[in-house]
Amino acid sequence: MNRRGSEELSERMREITPGGVSSPVRGFLPNPIFMDRGKGCMIWDVDGNEYTDLCMAYGPLILGHSPDEVVSAVSEQLTKGTVFGAPSVPEYSLIESIVKKVPCADMARLANSGAEATMHAIRLARMFTSKDRIVKIRGGFHGAHDAVLVNRDGAGYPGVPNGVAGNTAQVPFNDAPAMEKALSKNDVAAVIIEPVQGNIGLIPPEKGYLESVRKIARESDAVLIFDEVITGFRLSPGGAQEKFGVTPDLATYGKIIGGGYPIGAIAGKRKIMENIAPAGAAYMAGTFAGNPISAAAGTATLEKMSSDDNYKRLDEIALNLVRRIRDSVEDRRADASVVCEGSMFQIFFGADPPKNDEEAGKADGKRYDSFFRSMLDHGVYLPPSRFEVNFVSLAHGSAIDAAAEAFDACLKRSAL
């Protein structure tokens, strides 16, 4: 494929922004691909090359690119106003949808991103419990703010003060005894956890694990926060907590609730949520929080997903593709495993399905990089990093055959 336009733009971008990208996960060598437009499950780059999109902007586009329902809702709101600095009807409608659908949600508050939501949720939990320490899962990602940017060895990322990192402990996923030990002194304000890990590849919870975490957090008086930025409104109308039957104290959201526009949210139990300003002392604010454009897009998305058994249909589309990929892995003896949870999946080369970040890290990164580039040449856009997740949308139904054929061809090449 000719990608000269992307090459030239990337070279110019590196002169004006660090690394030539606005988020590090978008960068890859020799250069990222610059996109021009998207519709349904397809995207086109600036050189006119067409791709079946399985990255889907890392999760928010559950209906596909530019779905008619969202375009219509946004267009209507654009004629009314884009931001008010005051409450709006779209804001009310989206919050009402969240509260009605999410098991833990007595109340919800909108923010500008999933990262912002997790930052505020941790602050709220600290205020509510009068404790400072938090526990996160090793390999879990909760945004780029100081409290959660901690390396495997416990040190903060460059620029994160040691005093901040020192208040964040980490335990492996799917390891209830490690969680129990970390909370044994009852000095933990919050446990923040992706109920399905989605930033170390894809790692579902083992049977009974989330129930154990719920019990341990309750017994140690720690606030249990489910980070459902990825899983929220994707795995079911009520997200992972509905699917797995485990209700946290707080949950954070982003991606799907914005319908492709920037957004975040905290939802949770009334006794905790009422501590957010102006009702309480935990400060949370933002000029664009509750933005009516994002709220209108999100409401339209949730309404569409709630109709016509669309969650069932979405999972069937994904399972159809995953089954065919697994068949190809077996037929090609590709030494890889494919992990799927609902409409999310990832392929791990040279590794069995992992149960934690350490096992996920043993997958062959060089083979994934080669596979990613091969898939690009076959017209399929995957996440550039093996530590991300593939997403299927409602719009992918007609593209499954072509995507499955591309996987088969590239797995054959990978196995050689």
Side-chain angles (χ1 to χ4, degrees), residues 102-109 114-143 145-150 152 154 156 163-197 205-206 208-229 231-232 239-241 244-253 265-276 280-284 356-357:
V102 173
C104 78
D106 296 329
M107 308 181 83
R109 168 66 73 84
E116 191 175 283
T118 62
M119 178 182 70
H120 289 308
I122 290 169
R123 182 186 301 139
L124 174 61
R126 283 171 164 159
M127 193 235 98
F128 181 73
T129 62
S130 299
K131 303 174 186 177
D132 293 334
R133 295 185 68 239
I134 67 168
V135 172
K136 68 179 287 287
I137 300 299
R138 223 172 46 204
F141 181 74
H142 308 289
H145 54 93
D146 288 2
V148 291
L149 286 179
V150 180
R152 285 178 57 87
V164 174
N167 279 320
T168 302
Q170 297 184 98
V171 298
F173 196 54
N174 283 320
D175 189 339
M179 180 68 73
E180 186 170 21
K181 182 178 180 180
L183 273 66
S184 61
K185 295 181 180 180
N186 287 4
D187 62 346
V188 172
V191 173
I192 185 165
I193 178 173
E194 296 170 278
V196 177
Q197 281 202 287
E206 294 181 332
Y209 172 66
L210 294 178
E211 290 86 345
S212 295
V213 172
R214 171 66 282 181
K215 181 175 181 289
I216 293 165
R218 183 180 292 116
E219 290 176 348
S220 66
D221 296 319
V223 174
L224 178 58
I225 305 169
F226 273 10
D227 181 344
E228 293 226 44
V229 170
T231 57
Q241 57 189 273
F244 296 112
V246 178
T247 304
D249 301 303
L250 296 175
T252 57
Y253 295 88
I266 304 175
K269 301 299 183 183
R270 186 177 299 273
K271 66 179 181 180
I272 304 177
M273 294 293 293
E274 284 185 333
N275 289 280
I276 297 175
Y283 197 70
M284 177 177 176
N356 56 41
D357 68 308

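Positions are given from 1 along the sequence.
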Considering only heavy atoms from C-beta outward, does the side chain of F173 approach that of E194 to under 4.5 Å? no
Counting N and O atoms only, with roles assigned by atom type, does the side chain of N174 sit under 3.5 Å from a partner on the main chain of E206, one being a donor and the other an acceptor? yes
Are T118 and I225 close enough that some pair of their side-chain heavy atoms sits under 4.5 Å apart? no
Evaluate the side-chain proximity of F226 to V246: yes if any heavy-atom separation is below 4.5 Å, no if none is. yes
Gap separating the CD atom of E211 from the CD1 atom of I216, nearest 0.5 angstrom: 11.5 Å
Note, I193 side chain near I137 side chain (heavy atom, < 4.5 Å): yes
Which pair of heavy atoms, one from I122 and one from A147, lies closest together, and at what distance? CD1-CB, 4.4 Å
Quick one: closest heavy-atom pair of A121 and I266, and the distance? N-CD1, 3.6 Å
N/O donor-acceptor pairs under 3.5 Å from side chains in residues 180-192, not counting sequence neighbours:
{"from": "S184", "atom 1": "OG", "to": "K181", "atom 2": "O", "distance (Å)": "2.8"}
{"from": "D187", "atom 1": "OD1", "to": "R133", "atom 2": "NH1", "distance (Å)": "3.0"}
{"from": "D187", "atom 1": "OD2", "to": "R133", "atom 2": "NH1", "distance (Å)": "3.4"}

d(H142 NE2, L149 CG) to nearest 0.5 Å is 10.5 Å
Less than 4.5 Å apart, any side-chain heavy atom of V102 and any of E228? no
Measuring from Y283:OH to L124:CG, what's the distance to the nearest 0.5 Å? 15.0 Å
List the steps, then state whether side-chain contact (heavy atoms from CB on, under 4.5 Å) holds for I134 with R126. CA-CA 8 Å; I134 67 168; R126 283 171 164 159; 3.9 Å; yes
Could you tell me which non-hydrogen atom of A251 sits nearest to which non-hydrogen atom of Q241, and how far apart they are? CB-NE2, 3.6 Å
Is the side chain of K131 donor-acceptor paired with the backbone N or O of D221 at a distance under 3.5 Å, no angle test? yes
Within the side chain of R109, is there an N or O that forms a donor-acceptor pair under 3.5 Å with the backbone of M273? no
Strictly distance-based, threshold 3.5 Å: is any side-chain N or O of N275 a donor or acceptor partner for the main-chain N or O of I272? yes
Inter-residue atom distance L250.CG - D227.CG, 0.5 Å rounding: 11.5 Å
Which one of K269, R214, R218 satisfies the salt bridge (Lys or Arg N to Asp or Glu O under 4.0 Å) criterion with D249? R214
Minimal non-hydrogen separation, Q170 against R138, with atom names: OE1-CA, 3.8 Å
D175 and Y209: which non-hydrogen atoms are nearest, and at how many Å? N-CE1, 3.2 Å
If you measure from CD on E116 to NE2 on H145, what distance do you get to the nearest 0.5 Å? 9.5 Å
Looking only at heavy atoms, the pair that brings G154 and A165 closest together is O-CB, 3.9 Å
